[in-house]
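Report on the following structure.
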Amino acid sequence: MKELITGIVLATTIVWAARLAGFEKDRSFYPVLLIVIAFYYVLFSFQSYQIDQVLFEALIAFSFAAVALWGYHKSLFIVGVALILHGTYDLFHGFIPLSTTAPDWWPLFCLGVDVVLGIWLIYRVYRKQEHQNQMHQ
């Protein structure tokens, strides 16, 4: 449980720092975070020295990267949903036959980070759309 709380606290700190620094103004901030987060399993897979695990993890990471790029161009809402899906993926990752072994604390920690970032981004998109609708009335 402390892993989950640590992930939530870290994600909240990332959001706070990004807002303070102005990083959130750049549309690429959350898509880049999604790409970096997705590639951690590729990093873990190199510890296994198993090419099939490296290739599997790279395939998954590139899939999330493609969604991040799509969301960057289409709607950040997609990136928010993908972050939440990645957090859910973390919970089931260890049950996938070709998956890499991550540290025991990783799934809950990453769940906390991903879900908070995803929910925050979806909230921001919704709030921005709501503001735009009010401006047009």
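Note: hydrogens, waters and symmetry copies are ignored here, and every other heavy atom, side chains too, is used. Here the structure is a predicted model, which is why all the values come from computation and not from measurement.
- Not less than 6.0 angstrom separates the ring centroid of Trp120 from the ring centroid of Tyr30.
- Between Phe62 and Phe39, the ring centre distance stays below 6.0 Å.
- Neither Trp70 nor Leu117 shares a network with the other; the hydrophobic side chains, linked directly or stepwise wherever heavy atoms of I, L, V, M, F, W or Y lie under 4.5 Å apart, form separate groups for each.
- When every heavy atom of Thr6 is checked against every heavy atom of Lys2, the shortest pair comes out as OG1-O, 2.7 Å.
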| Would Val116 and Leu10 satisfy side-chain contact (heavy atoms from CB on, under 4.5 Å), going step by step from the backbone distance to the final call? | CA-CA 9 Å; Val116 168; Leu10 178 62; over 6 Å; no
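- Here CD of Glu57 is found 10.0 Å from CG of Asp52. Values are rounded to the nearest 0.5 Å.
- Judged by distance alone, the side chain of Ser99 and the main-chain N or O of His93 form a donor-acceptor pair under 3.5 Å.
- For the pair Tyr72 and Ile78, the minimum side-chain heavy-atom distance is 4.5 Å or more.
- Leu33 and Tyr89 fall within a single hydrophobic cluster, where Ile, Leu, Val, Met, Phe, Trp and Tyr side chains are chained together by heavy-atom contacts under 4.5 Å.
- In this structure, the separation between CG on Leu98 and OG on Ser45 is 11.0 Å, given to the nearest 0.5 Å.
- Note on Trp106: it does not cluster hydrophobically with Phe46, by side-chain heavy-atom contacts below 4.5 Å among ILVMFWY residues.
- Under the 3.5 Å distance criterion, the side-chain polar atoms of Arg19 are left unmatched by any main-chain donor or acceptor of Glu24.
- In this structure, Ile122 and Leu83 have side chains that are not in contact, with every pair of non-hydrogen atoms separated by 4.5 Å or more.
- Distance CG/Leu4 to SG/Cys110: 11.0 Å, rounded to 0.5 Å.
- Considering only heavy atoms from C-beta on, Leu121 comes within 4.5 Å of Val79 through its side chain.
- Between Trp105 and Phe109, the two ring planes are perpendicular [angle over 60°; tilted spans 30° to 60°].
- Although no hydrogens or angles enter the test, the distance criterion places a donor-acceptor pair under 3.5 Å between the side chain of Ser63 and the main chain of Leu59.
- Here the CG atom belonging to Asp114 is positioned 10.0 Å from the CG atom belonging to Leu85, to the nearest 0.5 angstrom.
- Pairing each heavy atom of Leu34 with each of Phe64, the nearest pair is CD2-O, 3.8 Å.
- Pairing each heavy atom of Val113 with each of Gly7, the nearest pair is CG2-O, 3.4 Å.
- Counting only distance, with no hydrogens or angles, the side chain of Gln53 and the backbone of Ile51 share no donor-acceptor pair below 3.5 Å.
- By the criterion of side-chain heavy atoms lying less than 4.5 angstrom apart, applied directly or through intervening Ile, Leu, Val, Met, Phe, Trp or Tyr residues, Val67 is not grouped with Val115; the two fall into different hydrophobic clusters.
- Under the side chain to side chain contact (heavy atoms under 4.5 Å, CB included) rule, Thr12 has a single partner from Val15, Ile8, Val9, Ile14, which is Ile8.
- Taking CZ of Arg27 as the start and CG of Leu76 as the end, the distance is 4.0 Å to the nearest 0.5 Å.
- Hydrophobic clustering, with ILVMFWY side chains joined whenever heavy atoms are under 4.5 angstrom apart, groups Phe29 together with Val125.
- Annotation: side chain of Thr101 is not in contact with side chain of Ser48 (no heavy-atom distance under 4.5 Å).
- With a 4.5 Å cut-off on side-chain heavy atoms, His86 and Asp90 count as touching.
- Minimum interatomic distance between Ala61 and Val42 (heavy atoms only, all atoms of both residues): CB-CG2, 3.8 Å.
- Ring geometry, Tyr41 versus Phe44: the interplanar angle exceeds 60°, so the pair is classed perpendicular (tilted spans 30 to 60°).
- Annotation: side chain of Thr100 is not in contact with side chain of Gln47 (no heavy-atom distance under 4.5 Å).
- The two residues Ile35 and Ala68 come nearest to each other via the heavy atoms CG1-CB, 3.7 Å.
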